[in-house]
Structures are given as C-alpha cells and as structure tokens.
Asks: 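Following this message is one structure expressed as structure tokens.
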Amino acid sequence: MEEFLTREPGKAAIYVCGPTVYDVTHLGHMRAAVVFDVLRRYLEFRRYQVTHVQNVTDVEDKIIARAQAEGVSTDAITGRYLDDYQRVSRALNVLPPHVEPRASQHIPEMIEMIERLIERGYAYHAEGDVYFEVTKLPEYGKLSGQLPGELRAGARVEPGEFKRHPADFALWKRAKPGEPSWDSPWGKGRPGWHIECSAMSLKYLGMGFDIHGGGDDLIFPHHENEIAQSEAYAATRPFARYWVHNAMVMVHGEKMSKSLRNYIAVADALQRYSADVIRYALAAVHYRKPMEVDEARLEDAAKALGRLRIALASAGTVQARAGGGGTGGPASRALQRAAESASAAFTAAMDEDLNTSAGLASVFDLVAEVNRVTDQVLKGGTDAAETMPGLQEACDALRVMTAILGLRLEDAVDEELAGRVRDLAASLRQEAAQLFSGEPGRTLDEVVAFILAGREKARGKRDFATADRIRKRMAEAGILVEDLPTGPKWRVASTDGRRPTADASGHRA
RNA sequence: GGCGCCGUAGCCAAGUGGUAAGGCAGAGGUCUACAAAACCUCUAUUCGUCGGUUCGAUUCCGACCGGCGCCUCCA
C-alpha cells in the first residue's frame, strides 16, 4: 500500500475536475462522480476531515457553439445542463462538493495568475492571446510522460495562433465576435481551459493540496498544464500531492462520450434502474479499469444488489422474531466474528487504492454468513434469540460498508405501495371476516402482519387455495411472501429498490 | 509516430513470486402443499501467445498477437 500522507494530518483537501456543462450528463460523468464520492465517503469513514472542491466549466467553446446553434444565451445552456448534472448527482446519492466554483465567476483570479506568469517569464502575450511557454519549465511532462519535443510536431497549430512551440497552450484567448468576453490587460477575451482549475484549486485549497482527481482523459494536456502553470506561478512544488484518475466508461469498445454520441444519459438510465443499481454497477469495477456498460452489466448489478437486500430482509424477519432479546449463542458469536473479519477485509481492500471489487467480495462473504444463520432460524434449527446480538452487528457492518459505496438499500416503500396494501387488507376483511379480525393498523409492517395472520389461519386449516390467492394479491400489491417451516417472511417485491416494470424486465439488448 | 493502459472460467471481476476472491449464469442435493428464497456440493491444474529470470511465475523481464485511451474538446 502506498502511504497516504496528507498536507495536514487528519485533513484531506480534494479538487476534482467537474463537468463542462454543455450537454446532458451521461454515465461516464457519473462514474467519475461516483468514484470520487466513494473516495470522499471512505476518507470520511477513516476520520479525515475532507474538503471537496469540484469546478463547473461554464466558459468553453462547445458551450458557445451550442448557444449559437440554439440561438440562446450561454447562460441558458450552462444553467440547463448544470441543473441536469446536479439533479442526477443527487439522485445517485452523490454528496455535493463543499465548494462548486464556476469558471465564469473567477476571471479576476485567472487574470492575476496570467499576469504573474508573464512577469516571471513563463508566458508571453501575442496579438491578444497569452500562451504558456512549456520549454521554460524543464519538468514539463512529468505527469503524463509527454515531452514537448516528442509531441507530434506541428500536428495542431490552429490558424491565427502565435505559439512559439506547438505544445504551448493558451492561458488567454482574444475575443471573437459574438463570444462572451471579459476585459483584461491584453484586451477583451476569455480564459483558456486549463487556467480555471489552477486558479480555483489554489483559491480554495492552496498549493500542495492532497488529491487532484479527474478522468484519465484529462491527464494530458489538462492536468499536465495545470501543474506547469501552478508550479510556475507559485514557484513551489508540488501543486497536488496525489493524482487520482478514473478510467472511462466504454460502449462497444469505445469510450462513452458526448462527441461520439454513444452515451447513455443518466436521467434515462434512472428511468429503468434504481440509483443503487447504477451506483453498484459503477462501483463494482476498480476505478482505474475501463468499464463496458450495457444492459447485462446493469442486470447483473441488480441481481447482486438483490442478494444483499434479501439477506437484510431475512435478517429483519429473524430480528423481529427475536423481539429485541438476545442470548448470544454460537450463531451470534459466529456472526460477530464474520462481521469483524469482513469489516477488516473491506477496510484493507479500500486502503489498497480504493479496491471496491475486493471490498464487495467482503460484503458478500458477510452476506453469506448472515444467510447461513437466518436460514437455520427460518427452518427451525436455531432459536432466533440465539442469533442476537451478532445478527444486529452483522447487519450494521453491512450497512456501514455499503454506505461507503453510497448504496442506500432502502425499500421502495412509497405511499402508493402502502396504500395498496391497506386497500388489500380492507377488502380481505370484507371478503373473509372469519379469517381477518381486529384492526389492520397503520404502518406497512402492521398491515402486512395483519394480512399474514389471517392467511396463516387459512393455512392452518390447510385452505391452500385461499392462502395462495392472498399471497398472489399481496404480490400484485408489491409484497412478496415466502413460506418457511417456521412461518412466513416477506419483503417488498423488487430486489433493486424500485418496483419492477414491464420495461425493465422485458427488454434485453 | 510519442506516452500510457488492458487481455483471468459461459459472462462480469479481484488478486498474489509458492499454486486462482466475489457476483451472474449452469449442474446436483437439502428445505418445501405450492411458489419463492436460502443453504450444501460441484463448475479455470489454469490466468492472450512464445521465450527468459527463478527451486518455483498468472504474478518479474523481453518479444509477439489482440483491444483501448491520450497526444484536438472530453469524466
């Protein structure tokens, strides 16, 4: 394990390159968001005080092009897509950054940096443009391994540019007609792309902050250039202590990207899969490995997640039977040991460069142990009380680990479902007063218990036709009942946290 | 052309210089009125290919084959 030494003990200052808001948010953006969200949650779990800064690029060529194409202002474009990004991030349980600075609101800071870079001799002014001169910095290329002399010579010198070296990059671009622009010592213009991240990270975190993150497609030139201009500006090193780059999301072997138009919008994915499923799918692969995303991947994630949820539901049934008491029998002790070793293995995996795949293996090891124990109880071999308090500890451990991955594991218990179950209870009372007596109660648990009690009466009389009918109607309402030797157990019917839909279950790629 | 990454069972996916986690799918069994879930057992002598280093390599080195990313905006 590479040792993680922060600038200040116990504190972690993180800057992540956020979205350029000119189009809808796709799963590639959310992979990055989820990776850094997991990193943040894990560091917080490890008791670091985390400061997470993530920029929004709202000054950029594509935004201008889009605004012109639609005949609207750039603000209209950036507002629309920033809203989309924030909305889907929230939906996926991504914690909002502590600071979310926008490039358009930090122009003075960028101008100040550029002026200093010119003073120091690292940048030059030409015809309203300002460029950073990479050959002035011997270390240029240290992050990406790219050396100025090796860059494809002259491959890309745009017309109207006045670079001294092909690898020199724009700090400031003079205004073209119809574009947003700001006054500067070099005339009207707008900042180059790279300078915003230097200006904003230094403003909010200062030189030598702990982790700089972003997609691995940003390593060169973006992050290389950030290092160059920041270290030249500050005259100290390092700009950032650690670099964390997530790999791309792939579609049929190609990077998912806006320009290739092969993306899956997160908002669309959320129509078909729960946030937990999407997060699980994105977090189940190590962050540095490119990941193909397709229907099968999401279906697999939904099933794996179902296994986790079912284990917790079974545990809930057993805990209810134990009624709060616990005798700490062998089953309890086995669960305590399993919870401890799974937690330790999970932490070790996450310490090792955020190995979420290995971490999930620990989660499922504990799931298996929980299932072994609840299976014994539900089949009548073990008394429920003997599993406590170990079962509770195991469930707590599962919740802690999955919460670090940002999984909510909530049931889709909405009012609609509760209402349907209440209606069912009411009509059953009408139809079979001999089975259903008393009041159904108010909460979902109470109402389900009411129905199941009546159904057990039918089963006791070996009236399986009635029992089957009730079970079927409960399933239609969204409650799945399983009969076990020691009595019924139930859970909300879907295992991925949302009600199954014809679309989600019927369509296959 | 330069820089870098990847290739592990039917699929997805960790991993280690000493003999392959986990998820999905599959087979058999247990439980069971039925259904469902769970549990138990099994499923890669083998980690793209060929060489090399080593007592020993999937793990290190080299070559090759195949795939990908960046070098232009991009998470």
Side-chain angles (χ1 to χ4, degrees), chain A residues 16-20 22-23 25-36 57 60-63 65 141 143-147 149-153 155-156 158 166-167 193 213-222 224 245-250 253-260 280-281 284-286 288-292 294 296-297 299-308 310-311 313-314 345 349 352 355-365 367-368 370-376 378-381 459 462 464-465 467-468 471-472 475 480-485 489 491 493 495:
Chain A
V16 179
C17 282
T20 300
Y22 76 93
D23 206 342
T25 309
H26 61 63
L27 290 175
H29 303 116
M30 274 307 107
R31 182 182 193 188
V34 166
V35 163
F36 292 103
T57 298
E60 201 268 338
D61 291 351
K62 297 237 160 133
I63 296 168
L143 178 71
S144 62
Q146 297 286 348
L147 300 171
E150 309 279 338
L151 294 170
R152 197 182 282 182
R156 191 80 182 184
E158 287 175 20
W193 173 39
D216 68 11
D217 55 346
L218 300 182
I219 294 172
F220 190 88
H222 185 54
E224 194 68 70
H245 290 108
N246 64 279
M248 298 293 104
V249 168
M250 313 295 284
E254 283 184 310
K255 171 179 162 182
M256 178 179 287
S257 74
K258 291 169 181 171
S259 46
L260 287 173
Y280 184 99
V285 179
H286 185 79
R288 278 191 285 102
K289 187 177 176 180
M291 166 174 45
E292 187 79 21
D294 55 20
R297 163 91 60 186
E299 291 295 333
D300 270 12
K303 285 174 186 159
L305 208 46
R307 184 169 162 77
L308 194 50
I310 288 167
S314 300
E352 200 57 59
N355 192 337
T356 47
S357 306
L360 278 169
S362 315
V363 168
F364 282 101
D365 284 342
V367 163
V370 166
N371 281 334
R372 266 191 288 278
V373 169
T374 57
D375 194 56
Q376 283 171 359
L378 295 169
K379 284 177 181 166
R459 292 184 75 219
R462 302 194 66 78
F464 294 121
D468 280 352
R471 186 171 63 194
K472 186 155 181 279
L480 199 139
V481 176
E482 295 170 13
D483 292 310
L484 292 153
K489 90 178 182 186
R491 63 175 191 270
T495 52

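Just so it is clear, the values below take in all heavy atoms, side chains as well, and ignore hydrogens, waters and symmetry mates. Only a predicted model underlies this, so the values are computations on that prediction, with no experimental measurement involved. Every chain is numbered from 1, with letters handed out A, B, ... down the list of sequences.
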Asks: What nucleic acid atoms does A:H286 come within less than 4.0 Å of, heavy atoms only: base, sugar-phosphate, or nothing?
Replies: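 A:H286: backbone/sugar contact only, no base atoms under 4.0 Å.
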Asks: Below the 4.0 Å mark, does B:A14 have OP1 or OP2 next to a side-chain nitrogen or oxygen of A:K289?
Replies: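 The answer is yes; a side-chain N or O of A:K289 sits under 4.0 Å from OP1 or OP2.
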Asks: With sequence neighbours excluded, what pairs up with A:K379 under the side-chain hydrogen bond (donor to acceptor under 3.5 Å, both in side chains) test?
Replies: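 side-chain hydrogen bond (donor to acceptor under 3.5 Å, both in side chains) check on A:K379 returns A:D375.
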Asks: Sequence neighbours left out, what passes salt bridge (charged side-chain N to carboxylate O under 4.0 Å, His left out) with A:K255? Give chain and number order.
Replies: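 A:D217.
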Asks: If you look at every strand shown and take non-hydrogen atoms under 4.0 Å, does A:R288 touch a base, only sugar-phosphate, or nothing?
Replies: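 The answer is nothing, as A:R288 stays clear of every strand by at least 4.0 Å.
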Asks: Which residues pass the salt bridge (charged side-chain N to carboxylate O under 4.0 Å, His left out) test with A:D23, sequence neighbours left out?
Replies: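 If we apply the salt bridge (charged side-chain N to carboxylate O under 4.0 Å, His left out) test to A:D23, skipping adjacent residues, the hits are A:R66, A:R261.
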Asks: Using the test salt bridge (charged side-chain N to carboxylate O under 4.0 Å, His left out), find all partners of A:K489 that sit at least two apart in sequence or belong to another chain.
Replies: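 So A:K489 forms a salt bridge (charged side-chain N to carboxylate O under 4.0 Å, His left out) with A:E482.
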Asks: With sequence neighbours excluded, what pairs up with A:H286 under the side-chain contact (heavy atoms from CB on, under 4.5 Å) test?
Replies: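 Counting only residues at least two positions away or on another chain, A:H286 forms a side-chain contact (heavy atoms from CB on, under 4.5 Å) with A:R288, A:D353, A:N355.
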Asks: For nucleotides B:U58 and B:C50, find the distance between their P atoms and express it as a whole number of Å.
Replies: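 So the two P atoms sit 11 Å from each other.
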Asks: At under 4.0 Å between heavy atoms, what does A:N246 touch on the DNA or RNA strands: base, sugar-phosphate, or nothing?
Replies: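 Base, at least one base atom sits under 4.0 Å.
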Asks: Distances under 3.5 Å between protein N/O atoms and the N/O atoms of nucleotides 24-30 of chain B, please, pair by pair.
Replies:
from, atom 1, to, atom 2, distance (Å)
B:C24, O2', A:D300, OD1, 3.2

Asks: Could you tell me how far B:G1 sits from B:A9 if I compare only their C1' atoms? Round to whole Å.
Replies: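 That atom pair is separated by 38 Å.
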Asks: Under 3.5 Å, is there a donor on one side chain and an acceptor on the other for A:E60 and A:T20?
Replies: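 On atom types as modelled, these side chains do not qualify, holding no pair under 3.5 Å.
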Asks: Determine whether any donor atom in the side chain of A:R31 lies under 3.5 Å from an acceptor atom in the base of B:A75, or the reverse, and answer yes or no.
Replies: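 Not at all, since no donor on one side and acceptor on the other fall under 3.5 Å apart.
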